[in-house]
Amino acid sequence: MTAELGFLALLLALASALTQSASVFLGKRASARTRFPLAITAAQAQAAAALAAFAFLLMSFASSDFSVVTVVANSHSTKPIFYKIAATWGNHEGSMLLWALLLSLYGAFYASVQSAFSKESRIALGIMGLLSAGVFAFIAFASNPFLRVAPAPVDGRGLNPLLQDIGLIIHPPILYMGYVGMAVPFALALAGLVSGQINADWARRTKPWAMTAFGFLTLGIGLGSWWAYRELGWGGYWFWDPVENASLLPWLIGGAMVHSLMVLERRGGFANWTVILAITGFSLSLIGTFIVRSGLITSVHAFAVDPARGLAILFYLVIVIGGATLLFLLYRKPATQTVRFSPASREAMILINNLVMSTTAATILLGTLYPLLIDAFNGAPLSVGAPFYDATALPLFVVGMAAMGLVPLALWRKGSLMQALGRGRLALTLALIAATLTYVLHPHGILGPLAMGAAVFIAAGVGQYGYQRQRSTMRMQDISLIMGHLGLAIAAIGMVGTALFSSETTMVVRPGQIVELGHIKARFDGITQKRGANFIADRAKVDLLGKDGKVSHTLYPERRYYPASKMPTTEAAIYSTPLSDLHVTVSALTDKDGQKTRISGWALRLYLRPLIGWIWTGCALAGFGILLGALAAARALSRQRMQAKLSPTPEGAMT
Amino acid sequence: MRLVLAACSFMLLCGFALVETPLPDPAQEARAQTLFKQLRCPTCIAQSIHDSNADIASDLRVLVRERIAQGQSDDQIKAYLSARYGDLILLKPPVKTRTLPLWFAPWILFLGGGIAVFFILRRHGAAQTPSDDHDHP
């Protein structure tokens, strides 16, 4: 029954979403006061129904109900219960439902905190209802996770074993919180456009939502790369895969939007630009989730496999992105008044940073779609891989980091570059030292040293900012700024350290043999068999030897085999210290003896990755810092609303 | 999970690189390692032959090492491989007519944006002096 109830809940969610937008967009203007509460109720009902649908799917997975197609394809009875539950969103249909669930939760939350019946919040709710309706309709009619199969198979086909990891349990929900969160600034941008309210107050209302999405995107991307590093077994953490790029695009635009919102809030400038960023950010979120999920990018033929699904996605994208663009062109604010600021003010630095981030995003989008475009015009296929992005996106990003370092040093509205650099002379000196030192240690290319210098410049600059603030009063926003910028600087230092100073070695080993890598001595102590809940593993014992020749630490890399999905995986063993990681994997050498393949020996691969842990430390610091900023912005907003209630002004009283 | 649905099934084949005999000359071996990172494993999605465990990647590593030992230049080796496998094998697409937009659009965008920002800064900065404190047309 669960699957049928789930589908019913899905239809209820769809109906609620339609009611939500119909109550806003249809009917007479005069009855707005009665229709608005209906929209709020509908948004809450939609979230409740979506929650129920998701819970029913989760129950099907938890109880291994193999009469449900999605469960058969993505679960197995021998899986640990933890991973059975996580498998709910470890597949196309389930992850779409999670996406829709989060969208409706954001909508319900937005609806619940609206105290005033403003035109803007009404339209925003209507737009969010439309967005939800589209996704729920897509799920119900083209990507139904509740389909039954008869007769039910005895057991499932198992989940891709790479997904059997703590990373899977938390990474997708967090990342989706970011992707989907971009829908709120998007809806607010369109609502603000139509009601002619893109101003400083609008920026204050939008900022908490924009920062929430940006913070979760930061955490989600960090978690994803951490998972790749631990689980994919070749010591890398990022490889410019289309799916990874897809998450980076809304992140870059989201960052630009958050900062341009601050200029709009403080100075009333960048109104149209902020709206463009809000629309682009959500559009890229959609492209990221849907095009990648549709299989369009990895293989054009995925469309042919399920044309209904692909076309539905394309249709939805065209409506949302096209509609938003049209609204922008119709309602955009005419540039009447020029907000004044000097070319070295904080506004100017944010503008330069915005330009660089947007260009970087455009470059990554182009690189991701180019092979597809070439294919569409039947050119010979080509690859756009890491070396391309290293040559284009990375230099751009380093320029952006330099501008970012200047932001806290510059003043609002006024100031010259010399003054800003003068204030930051300590940071500048440290940056020069760091860049020179990096070059001396690794005299190949200047991008690495420049990036290191820029990162140190950012870190020292916000350090100084914090130190000066401490003497007056430290506000929550300041802590958020410091955490966000410092986090990015720390992550960047980790990336440069890893990129420039990594070393690795691979060796065929016999028990007792010692592998050396730099100052590290690792002794291979043989292989034992291990049996897991739903896998069998060859487990290597690797002793790390200290200077005195005694064992200082023991690592157990594994080579697992999952019979249910007939797939092997490599489980790396990682020994982390604050300054570097030692990442060890084991693999089997095989001989083909006629038809039979037998294991003839073992090889160890050691990667030494200096500073790699800083990447995730930095991501976490930045992510939580940004979320703290969202909280600060929400509190400031509610304080402002309280004051407006106490002393109503013509502007405070809304329609 | 972002990686998973698109690329993971390929990574399973391409777990980690197996062991081949490195070149005796460390400088040549370093060149080989650099080249490995620029060549795509033809059966993987976004993986270089440096990271891939697929048979074909192993064969290609042997081939690259052989040609380096024969004294061929990096460009000669890349030209040979792209003649054999198409440009698909180069992770860094070559600059050709059909890749001009790919290579130059980012810089044109950056330049165009930079010029726009320059004029915006000039327009917004023009009214800095207090005497010029009225609205611009």
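Computed from a prediction, not measured in an experiment: that's the story for all the values here. Lettering follows sequence order; numbering is per chain, from 1.
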| field | Residue A:L373 versus chain B: region with a heavy atom under 4.5 Å | value | neither
| Going through the distances and angles, do A:L396 and B:W107 end up as a side-chain contact (heavy atoms from CB on, under 4.5 Å)? | CA-CA 9 Å; A:L396 280 170; B:W107 302 111; 4.2 Å; yes
| message | Please classify the contact of B:S82 with chain A as side chain, backbone, both or neither, using a heavy-atom distance under 4.5 Å. | response | neither
| query | Tell me, side chain or backbone of A:A393 under 4.5 Å from chain B's heavy atoms, or both, or neither? | reply | neither
| message | Do A:L351 and B:V117 have side chains that approach each other closer than 4.5 Å (heavy atoms only, starting at C-beta)? | response | yes
| field | Separation of B:L91 CG from A:F239 CZ (nearest 0.5 Å) | value | 11.0 Å
| request: Against chain A, work out which of B:D87, B:L102, B:T99 has the most heavy-atom pairs shorter than 4.5 Å and name it. | output: B:L102
| request: Go through A:V384 and B:K92 one step at a time and tell me if the side-chain contact (heavy atoms from CB on, under 4.5 Å) criterion holds. | output: CA-CA 6 Å; A:V384 180; B:K92 186 177 189 169; over 6 Å; no
| said: B:L121 and side chain to side chain contact (heavy atoms under 4.5 Å, CB included): which single residue from A:P343, A:S345, A:S342 fits? | reply: A:P343
| Which value, rounded to the nearest 0.5 Å, describes the distance between A:F388 atom CZ and B:Q38 atom CD? | 15.0 Å
| field | Contact winner vs chain B - A:A386, A:A348, A:A344, A:P381, heavy-atom pairs under 4.5 Å | value | A:P381
| field | B:L109 backbone acceptor or donor facing A:T359 side chain under 3.5 Å | value | no
| message | Let's go through A:L355 and B:F110 carefully: what are the C-alpha distance in whole Å and the side-chain angles of both, what is the deciding distance for side-chain contact (heavy atoms from CB on, under 4.5 Å) to 0.1 Å, and is it a yes or a no? | response | CA-CA 8 Å; A:L355 162 76; B:F110 186 55; 4.2 Å; yes
| message | Can you tell me how far apart NE2 (B:H50) and CD (A:E504) are? Round to the nearest 0.5 Å. | response | 3.5 Å
| message | Please classify the contact between B:P101 and chain A as side chain, backbone, both or neither, with a heavy-atom cut-off of under 4.5 Å. | response | both
| said: What I'd like to find out is whether the side chain of A:S383 reaches to under 4.5 Å of the side chain of B:I89, using heavy atoms alone. | reply: no
